[in-house]
Amino acid sequence: RKPQTWKLGIKSPTLIPPTATKSPPRSTKQFKKDAYRANILFSTISKVRCKDGTERWFEIIGELRSSIKEHRHVVAFLEITKLKAVMAELDQLSQTDALTQLLNRRGLLSHLEKELIRTERTERGFRIILCDLAYFKGFNDSYGHGCGDYVLVNVASLIRKALRGNDLAARWGGEEFCLVLPETGLAGAQMLADRIKLSLAKADFSYGSIPLLVTMTFGIAEHGVGATTKETLRRADVALYDGKAKGRNQIVVYEPNRMS
């Protein structure tokens with residue numbers, strides 16, 4: 001006997017491969033047999049594209065052996081489009097620094113995981129630049145935290161304008177920023193750092209009637225195939241502190257033969 005069909009107000013949807021499904025640990029055939037004997041439920045989440053071009057998310061829950069009527073399957077469709085949108089928004093907020101609107105540390109580390117996969121696949125590395133605002137504590141101590149926030153927001157804006165399309169920037173913590181430059185050579189990383197350095201020198205940082213001198217120190221490190229994120233960040237940090245020891249407002253590249 002042909003199974004009954006419920007259209008649920010959506011005509012001829014096209015299923016897009018689900019992004020989150022519960023994969024059976026056994027073969028599909030054996031899974032169905034075991035599920036039928038055990039009278040279990042299955043659940044999956046799928047995106048449905050409708051004829052009007054809209055896309056909706058559904059949680060599909062089914063009972064492989066109906067407890068209501070013999071020789072029937074029971075399938076329920078629960079629309080979760082709004083829930084998915086809220087979850088996506090919350091995920092974005094959790095990865096964004098509220099003050100500067102750049103990525104936060106968590107967000108950057110999440111993106112770095114994707115960069116690591118790409119690096120292993122393409123065998124092309126990337127550069128990391130750690131940036132530190134010089135004497136930032138003095139802005140807060142002398143003029144209040146509002147002044148510090150003003151500096152951070154405006155520096156973040158200058159950094160954002162200097163980046164290319166695939167580059168990433170994050171507020172790493174406090175007065176530190178971290179930049180990730182995919183498929184970028186040493187010369188390209190140095191050029192970007194120099195561009196930000198010059199932009200800071202030309203910018204008018206005035207907190208009310210108070211002129212501020214804002215400079216940064218940059219530590220650059222290469223991430224190659226087989227390296228770990230922790231080690232690359234450590235190298236960039238070593239280069240950064242070498243620049244600070246030299247008087248700040250410097251661009252320093254990590255040198256394995258000279259720096260430990």
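Treat the numbers as computed from the prediction; the structure is a model and nothing was measured. Basis for what follows: all heavy atoms, side chains included, without hydrogens, waters or symmetry-related copies.
Aromatic pair Y143/Y207: ring centres not closer than 6.0 Å.
E120 places no side-chain N or O within donor-acceptor distance of the main-chain N or O of V225, the cut-off being under 3.5 Å. Between the T81 side chain and the E79 main chain, no donor and acceptor come within less than 3.5 Å of each other. Remark: the backbone N or O of R248 is paired with a side-chain donor or acceptor of Q250 at under 3.5 angstrom. Remark: side-chain polar atoms of T217 are paired, donor with acceptor, to backbone N or O of N249 under 3.5 angstrom.
Contact between A236 and A221 at its shortest, heavy atoms only, is N-CB, 3.5 Å. Nearest heavy-atom pair, L213 versus F139, reported as atom, atom and distance to 0.1 Å: O-CZ, 3.4 Å. In terms of heavy-atom proximity, I196 sits nearest to A162 at CG1-CB, 3.7 Å. Here the closest heavy-atom approach between residue L168 and residue H111 is recorded as CD1-CB, 3.5 Å. Summarising the geometry of E222 relative to T232, their closest heavy-atom pair is O-CG2, 3.7 Å, with the distance given to 0.1 Å. Heavy atoms only, all atoms of each residue included: S209 and P211 are closest at O-CD, 3.3 Å.
Residues D97 and T100 bring a donor and an acceptor atom of their side chains to less than 3.5 Å of each other.
Interatomic distance, R127 CZ to T184 OG1, rounded to the nearest 0.5 Å: 8.0 Å. The structure places CG of L179 at 9.0 Å from CZ of F177, a figure rounded to the nearest 0.5 Å. Note that CE of M216 and CD1 of I129 are 10.0 Å apart. Values are rounded to the nearest 0.5 Å. Taking SG from C147 and CD1 from I210, the interatomic distance works out to 6.5 Å, rounded to the nearest 0.5 Å. To the nearest 0.5 Å, the span separating CD on Q95 from CZ on R106 amounts to 5.0 Å. Rounding to the nearest 0.5 angstrom, the gap separating the CD atom in E183 from the OG1 atom in T122 is 5.5 Å.
Applying the side chain to side chain donor-acceptor pair (under 3.5 Å) test to T228 and every residue at least two apart in sequence or in another chain returns nothing. Judged as a salt bridge (charged side-chain N to carboxylate O under 4.0 Å, His left out), and not counting sequence neighbours, the contacts of K244 are D132.
Cluster annotation: Y254 and L181 are assigned to distinct hydrophobic clusters (Ile/Leu/Val/Met/Phe/Trp/Tyr, side-chain heavy-atom contacts under 4.5 Å, transitive). Clustering ILVMFWY residues whenever any of their side-chain heavy atoms sit less than 4.5 angstrom apart, transitively, puts L103 in the very cluster that holds I128. Note on L163 and M191: separate hydrophobic clusters, where clusters join Ile, Leu, Val, Met, Phe, Trp and Tyr whose side-chain heavy atoms are under 4.5 Å apart, directly or indirectly. In the hydrophobic cluster analysis, where Ile, Leu, Val, Met, Phe, Trp and Tyr join through side-chain heavy atoms closer than 4.5 angstrom, L102 is grouped apart from L130.
Contact of the W172 side chain with the L108 side chain is registered, since non-hydrogen atoms from C-beta on lie closer than 4.5 Å. Taking 4.5 Å as the limit, some side-chain heavy atom of V253 sits within range of a side-chain heavy atom of L186. Counting heavy atoms from C-beta on, the side chains of L233 and C178 come closer than 4.5 Å. In this structure, the side chains of L212 and S206 stay at 4.5 Å or more apart for every pair of heavy atoms. With contacts defined as side-chain heavy-atom distances shorter than 4.5 Å, the pair V155/V153 does not qualify. With contacts defined as side-chain heavy-atom distances shorter than 4.5 Å, the pair V252/I220 does not qualify. Counting only heavy atoms from C-beta outward, the side chains of T96 and N104 never approach each other to under 4.5 Å. Considering only heavy atoms from C-beta on, E176 comes within 4.5 Å of L240 through its side chain.
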Derivation of the side chain to side chain contact (heavy atoms under 4.5 Å, CB included) call for N154 and V214: CA-CA 10 Å; N154 283 275; V214 179; over 6 Å; no
L112/V180 under side chain to side chain contact (heavy atoms under 4.5 Å, CB included): CA gap, chis, key distance, verdict: CA-CA 8 Å; L112 272 175; V180 178; 3.8 Å; yes
Side chain to side chain contact (heavy atoms under 4.5 Å, CB included) evaluation trace for R171 with R105: CA-CA 7 Å; R171 184 181 175 194; R105 182 184 288 252; over 6 Å; no
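In summary, R164 and D167 engage in a salt bridge, as defined by a charged side-chain N under 4.0 Å from a carboxylate O. Using a 4.0 Å cut-off between charged nitrogen and carboxylate oxygen, E175 and K137 do not count as a salt-bridge pair.
Counting heavy atoms of neighbouring residues, nucleotides and ligands inside a 6.0 Å radius, atom CD of E123 does not exceed 12 of them. Residue D141 qualifies as enclosed at atom CG: its count of foreign heavy atoms under 6.0 Å is above 12.
Among pairs with a residue in residues 218-246, those fulfilling ring pair (Phe, Tyr, Trp, His ring centres under 6.0 Å) read F126-H223, at least two apart in sequence or across chains.
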